[in-house]
Amino acid sequence: MHIDVLTLFPEMFDGVFHSSILQRAHDKETFSYKLVNFRDYTTNKHNKVDDYPYGGGAGMVLTPQPLFDAVEDVTSKSTAKPRVVLMCPQGEPYNQKKAEELAEEDHLVFICGHYEGFDERIREHLVTDEISIGDYVLTGGELGAMVVMDSVIRLLPDALGNKESAPQDSFSTGLLEHPHYTRPADFRGMKVPDVLLSGDHAKIEAWRKQQALKRTYERRKELLEDKVLSKEEALYLKQLESEENSES
Ligand SMILES: C[S@@+](CC[C@H](N)C(=O)[O-])C[C@H]1O[C@@H](n2cnc3c(N)ncnc32)[C@H](O)[C@@H]1O
């Protein structure tokens, strides 16, 4: 996968691409990236990327010219049809399903907005996707693009080592993940559940499945609406519901 990030603040990405799993995945050539300062594409003499909004009002608006030229340049040699993602608080709410969808692509372009916003023609004619990372407003799209890229890159083949796994993670299975424990078995009187020390892998697997369902039921019931449950899971869910009803 190749990723182009169009930003006015490329230095913000230094940490994220030079640490931990993303750095390792980049070293293994799982993905390549280019940080593109779209100010370099301005055709006006003062390299201005923004202007006053028509109709008046507060704040400055990103002009279309540098962003159109930058996107056309970075996508001109692309053999695949690139996905051009605008980071935007008004966009589609981001989730694991979208991360899985983007991880299938060969070329992603992220546009990081700034200031009051961007000229509407960018949204209408330049981008393929608009993504919001939550119902709050950030100063710019950089942090959002980092969130999306991190969650996409870790899904690419070989990005995670043997000791990390994506398929069991929360949301990948449609549920929240089961709880984890490590050594010691007894920490200040707080004990690890016996089943995890039993060495019985079938029992451990069954316990983990139940715990994932319980945790999802307790914290994110709405995730269960779309989940296809096995017979055992459906029975356990009924048990959780009747326990909850008897408590209330
Ligand atoms: C200050 S915000 C502009 C907000 C805009 N005036 C509005 O009310 O929708 C500047 C830029 O930050 C990015 N941004 C802010 N919040 C975001 C969010 N929740 N998700 C993704 N990007 C966001 C976008 O690129 C946006 O253009």
Side-chain angles (χ1 to χ4, degrees), residues 13-28 30-31 93-103 133-136 138 143-248:
F13 293 84
D14 287 348
V16 74
F17 284 128
H18 291 115
S19 322
S20 184
I21 291 170
L22 264 52
Q23 178 173 33
R24 213 172 58 204
H26 183 252
D27 291 347
K28 285 197 282 185
T30 303
F31 74 101
Y94 191 57
N95 58 27
Q96 188 67 19
K97 200 158 164 262
K98 188 77 179 179
E100 285 164 13
E101 183 189 313
L102 294 178
I133 62 155
D135 289 348
Y136 40 80
L138 301 161
L143 291 170
M146 288 180 213
V147 167
V148 175
M149 288 190 291
D150 184 285
S151 58
V152 168
I153 291 166
R154 70 190 293 284
L155 296 176
L156 298 178
D158 299 330
L160 299 180
N162 287 340
K163 291 186 178 155
E164 304 116 353
S165 82
Q168 293 305 315
D169 282 337
S170 295
F171 311 111
S172 301
T173 58
L175 299 174
L176 301 182
E177 199 185 29
H178 58 76
H180 295 281
Y181 291 90
T182 185
R183 273 176 266 271
D186 183 339
F187 176 68
R188 298 183 182 175
M190 294 176 269
K191 297 208 168 81
V192 170
D194 287 340
V195 61
L196 296 179
L197 308 175
S198 69
D200 184 332
H201 293 294
K203 268 194 188 156
I204 292 171
E205 197 45 37
W207 179 85
R208 285 182 169 159
K209 278 193 174 146
Q210 285 197 341
Q211 289 296 311
L213 197 55
K214 183 168 190 265
R215 184 149 282 200
T216 311
Y217 182 73
E218 287 169 353
R219 298 181 182 206
R220 296 288 303 274
K221 273 196 183 76
E222 80 281 5
L223 293 178
L224 295 172
E225 285 164 19
D226 297 331
K227 172 82 182 150
V228 180
L229 298 176
S230 67
K231 215 169 141 194
E232 292 79 27
E233 286 172 330
L235 271 173
Y236 186 60
L237 186 62
K238 276 218 160 67
Q239 186 187 321
L240 291 173
E241 283 164 352
S242 68
E243 279 169 15
E244 190 179 59
N245 290 339
S246 62
E247 275 165 22
S248 59

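Residues: numbered from 1 along the sequence shown.
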Exercise for the section: Could you walk me through whether Phe171 and Arg220 pass the side chain to side chain contact (heavy atoms under 4.5 Å, CB included) test, one step at a time? Expected result: CA-CA 11 Å; Phe171 311 111; Arg220 296 288 303 274; 4.0 Å; yes

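- Rounded to the nearest 0.5 Å, atoms CG (Leu237) and NZ (Lys227) are 11.5 Å apart.
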Practice task
Could you go through the salt bridge (charged side-chain N to carboxylate O under 4.0 Å, His left out) check for Glu233 and Lys231 one step at a time?
Solution key: CA-CA 5 Å; Glu233 286 172 330; Lys231 215 169 141 194; over 6 Å; no

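- Crowding of Asn245 atom CG: a count of heavy atoms from other residues, nucleotides or ligands under 6.0 Å exceeding 12.
- Partners of Lys98 under the salt bridge (charged side-chain N to carboxylate O under 4.0 Å, His left out) rule, at least two apart in sequence or in another chain, are Glu92, Glu101, Asp129.
- Residues Ala159 and Ile153 approach most closely at CB-O, 3.1 Å, considering heavy atoms.
- Applying the side-chain hydrogen bond (donor to acceptor under 3.5 Å, both in side chains) test to every pair with at least one member in residues 185-204, sequence neighbours left out, gives no pairs at all.
- Not a single side chain to side chain contact (heavy atoms under 4.5 Å, CB included) links Ser19 to another residue, sequence neighbours left out.
- The shortest side-chain heavy-atom distance between Gln210 and Trp207 does not fall under the 4.5 Å cut-off.
- Here the side chains of Gln23 and Phe17 are not in contact, with every heavy-atom distance at 4.5 Å or above.
- What you find for Thr216 and Leu176 is that their closest heavy atoms are OG1-N, 2.9 Å.
- Closest non-hydrogen pair, Leu224 versus Leu213, comes out as CD2-CD1, 3.8 Å.
- Within the structure, side-chain hydrogen bond (donor to acceptor under 3.5 Å, both in side chains) pairs that include any residue of residues 169-179 comprise Arg154-Asp169, Glu177-His180 (at least two apart or interchain).
- When side chains are defined from C-beta on, Met149 counts as touching Phe13, because their heavy atoms get closer than 4.5 Å.
- Here the shortest heavy-atom pairing between Ala212 and Leu175 reads CB-CD1, 4.1 Å.
- Here Arg208 contributes atom CZ and Gln168 contributes atom CD; the two are 8.5 Å apart, rounded to the nearest 0.5 Å.
- Residues satisfying the salt bridge (charged side-chain N to carboxylate O under 4.0 Å, His left out) criterion with Glu247, sequence neighbours excluded, are absent altogether.
- Between atom CG of residue Leu229 and atom CG of residue Leu235 there is a gap of 10.5 Å, rounded to the nearest 0.5 Å.
- With sequence neighbours excluded, the residues that form a salt bridge (charged side-chain N to carboxylate O under 4.0 Å, His left out) with Lys221 are Glu244.
- A pairwise comparison of heavy atoms in Gly174 and Leu223 identifies O-CB, 3.9 Å as the closest pair.
- Atom CG of Leu22 and atom OG1 of Thr30 lie 10.0 Å apart (nearest 0.5 Å).
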